[in-house]
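Working notes, beginning with the structure itself.
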Amino acid sequence: MKVYSTISALQEYVSKLKLEGKSIGFVPTMGALHYGHISLVNSAITQCDITIVSIFVNPTQFNNQEDLLNYPRTLESDIELLSTIDCDIIFAPSVQEMYPEKSVSIQLDLGNLAEVMEGKFRPGHFDGVVNVVSRLFEIVKPDKAFFGLKDFQQVSVIRFMTNFLKLPIEIIACPTLREQSGIAMSSRNMRLSESEKEDSLIIFNSLCFAKKLASNQTPDEVKANVIDYFKNGKLALEYFEIVNPITLEALSSQWVPNATACIVAFCGEVRLIDNMNLKIQD
Ligand code: PAF
């Protein structure tokens, strides 16, 4: 496994592999890797000849400086973990390498996709995500890129960006991995104590409750009942929305196939995100 920190060295090696006709699978991450990430890497390994993982805590997607400072950084153990599976290349650039002086950022009109939920509560977040992912795509030039569905809205934004910029990259969305208890695997879980992890189960339980109610209630009714249910726990709810999975518009009286419940809550200072498909359509 090779580890690169500069764009030029990575590109030199990748262009040789491309000349040999190898397909490139790419998993962009911010490190602090867990088994959710490993399942993305394994999907890339299965589907592509070469797997590249980037590890870069992207400052431009944090609207809160505390959150950026507290984001876990575990590069050494991440490298160790990736060396135990068939990952070929790690790209771990510095902030300076990714954002040299005079670098130009792209401005995309993401419309409703960036105005609701994460876009509403984390202004500028998706501008940062679009900028870093488009830069990484430009550097790595993958055939396929793998993203976790835990960040449901992010996947919609990345798909939009890829189509809009006409990039020849297939976006593969992979299911959320959960702990045995049900809580979604997340790098942020590293900041939770055991009792906080138990408190955080209310997120998964609320989604399961929503799914149960969805069989005989309207989206509005489900939303009201889940918000009420959430008050029984210790976490602070930031939002709970039931959305059309394509447009991300909030549903009120009518269901659509694959209607998805999206939730964010704070356990102390730690912001946790999750979602669940309430109306699975085969
Ligand atoms: O999902 C993440 O970890 C980040 O948003 C990503 C896609 C690596 C961009 O920084």
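Basis for what follows: all heavy atoms, side chains included, without hydrogens, waters or symmetry-related copies. Numbering of ligands and ligand atoms starts at 1, following listing order.
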*Please test Q217 against N225 for side chain to side chain donor-acceptor pair (under 3.5 Å), starting from the C-alpha separation and ending with a verdict.*
CA-CA 10 Å; Q217 294 190 357; N225 281 315; 2.9 Å; yes
*Please determine if E238 and R122 form a salt bridge, counting it only when a charged side-chain N lies under 4.0 Å from a carboxylate O.*
no
_Counting neighbours of CG on N216 that are heavy atoms of other residues, nucleotides or ligands and sit closer than 6.0 Å, is the number greater than 12?_
yes
Dump all N/O pairs between ligand 1 and the protein below 3.5 Å as a table: atom names plus distance, one pair per row.
unit_1, atom_1, unit_2, atom_2, d
ligand 1, 1 (O), Q154, NE2, 2.8
ligand 1, 5 (O), Q61, NE2, 2.9
ligand 1, 5 (O), Q154, OE1, 2.7
ligand 1, 10 (O), Q61, OE1, 2.6

_Using a 6.0 Å distance limit plus a 45 degree cone around the ring axis, check whether K120 lies over the aromatic ring of Y239._
no
*Should D220 and K223 count as an ion pair when the cut-off is N to O under 4.0 Å?*
no
*asked:* Other members of the hydrophobic cluster containing V57, with the 4.5 Å side-chain heavy-atom rule, please.
replied: M30, F62, L68, Y71
